[in-house]
J.: 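Take this structure first; my questions come after.
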Amino acid sequence: MSLTQSFHIPVQRAYPSRLHEVDWENLEFGKYFTDHMLICDYEDGQWKEPQIIPFGDFRLSPVALALHYGQTIFEGMKAFRMDVRPTGPSKNIPRSPERTNVCPSDDEPPVRPGDGSINIFRPEKHYDRMVLTCERMCMPAVPREVFIEGLHQLIDLDRNWVPGEEGSALYIRPFMIATEARLRVKVSESYRFAIVASPTGNYFQQPVRVKVERDFVRAARGGTGYAKCGGNYGASMYPTQKAKEEGYDQVLWTDGQTHRYIEESGAMNVFFVLDGTLVTPPLSDSILDGVTRDSLLKLAQRDGIPIAERPVDVEELKEAFKKGTITEAFGAGTAAVISPIGVIGIDGNDYTLPASGTGSARSIGAQLKDALDNIRYGREADTEEWNFIVK
Ligand SMILES: *Cc1c(COP(=O)(O)O)cnc(C)c1O
C-alpha cells in the first residue's frame, strides 16, 4: 500500500541535523527525537494547514486546558527499514543510519533492488483508533490525509533516522492536546495535533514479573479504557508503583467490577497459551484495541494456531498452573512487540511459567513475533496489506 503525494506539506528544515548526537549502540527508548516534527492546529472550528518544522518546544498558555482537565490523547506506531539482504559478505552493508548516508563503494556487495525502503506499519488502523479516542474525549479528529500524508512526508524527510538493525525501528508518536487558555472546566475549542518520532533499538526481553491487581482499577465499564488518552496512564501509576515495591515489574489488570477477569497489562494486551490454545481476553470498553494484539491474532489464524478471544478467570489461571496446562504468557504492544511473562503473582502467591515457554525459540510467542517481523522487515509477502511503504 502506498499513497501518491496528494498534497504537499510546507517544510521548515532543521539545520544542522542532530543525527550525529545519537548513541546508536545504546538507543534508550524515547530519548532521541528526529530532526523534524509535524504540527497541525485546530482553531475556529477547523483544521489549519499542517507544517513540518524542526523538533522543538511548544509555546503553551499555563492555563491551556490540556494541562488541567486531561484532554490529551496519543498513538504509538512504528516504521521499519526493510531488510537489506546482502548477496556477499555482510560487513560493508549499510545498516545503521550513519552508514546509509555514505555512498556505497565499489567493493560493497550488491543489495536486492527495492530493499532498504521504509515501511510504516498499519497507519490506517492507528488512525481509526485515534478517531475513536478523539470521539470519547470530545476532541476533533484530525483529517485522515493530514495524518497519513503527514506521516508519509515526515518519515520520508527523516528517513535517515530509521535504524537498520534487526529488531530496531523508528517509534512514531502522534498526539493531540487541548490548547485553549481557559480555567473553566469545558471542552476546548482549540487543539494542537503533532507527530514526533524516536529511533528505538532491539531490546533483549527479560521475562517480566506481573502482579494480578485485585484492588485498584485501570478502567471501569463505561470509562475510557478503550481510548488511548493520557489520563489512563496517570491513573495507573500509583498501583504500578505499589506493585514494583512488591517486586513486580507490571500490573495485570482485572475487570473493575468483579476483579475476576484478566483485562490487560500496563501498556500491553495480554496473551496466554492454555492447553495449546492462544487465549486473549475479548475487547470491551475497558480494554485497548491493540494493533499488535490484532496482528498476532490474524497471524495465528493464518498459521493454524488455535485461538480464542474469551474471558480469562483468575481462578482458571491458578488451576492451569496446578495442572501444568499454561505454557506461555506474554504482553503484546507496539513498543516491545512481545514481552514474555515469567512470573504471575496472584493473591500473594507467585506462579512461575515454564522456562521452555514464552521467550524460548520454539514458543508460540516467538513464532508469532518472527511472523510479524518477517512481514514488517519485508522478508515475507505482505499478505495482509499492513505495510505502508514510504516512497
Ligand atoms: C497502546 C496500548 C496497548 C497496545 O496497543 P498497540 O496498538 O499494540 O501498541 C495496549 N494497552 C494499552 C492500555 C495501550 O495504551
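Just so you know, ligand 1 is whichever comes first in the structure, and atom 1 is the first atom listed for that ligand.
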J.: If we only count N/O pairs under 3.5 Å, is Arg293 in contact with ligand 1?
T.: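 For ligand 1, there is no N or O atom that lies under 3.5 Å from one belonging to Arg293.
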J.: Show the atoms of ligand 1 that are less than 4.0 angstrom away from any heavy atom in Gly290.
T.: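 Every atom of ligand 1 under 4.0 Å from some heavy atom of Gly290: 5 (O), 6 (P), 7 (O), 8 (O).
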J.: What residue and atom, counting heavy atoms only, is the protein's closest point to atom 8 (O) of ligand 1, and at what distance?
T.: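 Checking every protein heavy atom, the shortest distance to atom 8 (O) of ligand 1 gives Thr292 OG1, 2.6 Å.
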J.: Counting C-beta onward and ignoring hydrogens, is there a side-chain heavy-atom pair between Phe272 and Thr277 closer than 4.5 Å?
T.: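 Phe272 does not reach Thr277 side chain to side chain.
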J.: Can an N or O of Arg218 be found at a distance shorter than 3.5 Å from an N or O of ligand 1?
T.: no
J.: Would one find more than 12 heavy atoms of other residues, nucleotides or ligands at under 6.0 Å from atom NZ of Lys244?
T.: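 At most 12 heavy atoms, drawn from other residues, nucleotides or ligands, come within 6.0 Å of this atom.
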J.: Please list, in number order, the atoms of ligand 1 under 4.0 Å from a heavy atom of Glu264.
T.: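 Counting atoms of ligand 1 from 1, those under 4.0 Å from Glu264 are 10 (C), 11 (N), 12 (C), 13 (C).
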J.: Aromatic rings Phe147 and Phe193: how do their planes relate, parallel, tilted or perpendicular, breaks at 30° and 60°?
T.: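 The rings of Phe147 and Phe193 sit tilted, inter-plane angle from 30° to 60°.
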J.: Which one holds for Asn269 and ligand 1: side chain close, backbone close, both close, or neither close, with close meaning a heavy atom under 4.0 Å?
T.: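 Both backbone and side chain.
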J.: Which ligand 1 atoms are under 4.0 Å away from a heavy-atom of Gly266?
T.: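 Here the atoms of ligand 1 in question are 13 (C).
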J.: Heavy-atom distance under 4.5 Å between the side chains of Trp24 and Glu165, does that happen here?
T.: no
J.: Look at the rings of Phe121 and Phe80 and say which category their plane angle falls in: under 30° parallel, 30 to 60° tilted, over 60° perpendicular.
T.: perpendicular
J.: Could you list the atoms of ligand 1 found under 4.0 angstrom from a heavy atom of Tyr233?
T.: 12 (C), 13 (C), 14 (C), 15 (O)
J.: Heavy-atom contacts with Val291 under 4.0 Å: which atoms of ligand 1 show up? List them by number with element.
T.: 6 (P), 7 (O), 8 (O)
J.: Among protein heavy atoms, which sits nearest to atom 4 (C) of ligand 1, and what does the distance come to when rounded to 0.1 Å?
T.: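 The closest one turns out to be Ala267 O, 3.6 Å.
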J.: Give a yes or no on whether the backbone of Glu213 and the side-chain of Thr254 come within a donor-acceptor separation of less than 3.5 Å.
T.: yes
J.: Determine whether the side chain, the backbone, both or neither of Met268 has a heavy atom under 4.0 Å from any heavy atom of ligand 1.
T.: backbone
J.: Are any of the side-chain nitrogens in Glu166 or Arg379 under 4.0 Å away from the carboxylate oxygens of its partner?
T.: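 Yes, Glu166 and Arg379 are salt-bridged.
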J.: At a 4.0 Å threshold, what atoms of ligand 1 neighbour a non-hydrogen atom of Arg129?
T.: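 Near Arg129, meaning under 4.0 Å from one of its heavy atoms, ligand 1 has 5 (O), 6 (P), 7 (O).
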J.: Which residue holds the protein heavy atom closest to atom 1 (C) of ligand 1, what is that atom called, and what is the gap in Å?
T.: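 The closest heavy atom on the protein side is Lys228 NZ, 1.4 Å.
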J.: Verify, without hydrogens or angle tests, whether Tyr69 (side chain) and Leu183 (backbone) share a donor-acceptor contact under 3.5 angstrom.
T.: yes
J.: Provide the number and element of each atom of ligand 1 under 4.0 Å from a heavy atom of Thr334.
T.: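 Near Thr334, meaning under 4.0 Å from one of its heavy atoms, ligand 1 has 6 (P), 7 (O), 8 (O), 9 (O).
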J.: Examine Arg192 relative to Phe58 and say whether NZ or CZ is less than 6.0 Å from the centre of the six-membered ring and inside a 45° cone about the ring axis.
T.: yes
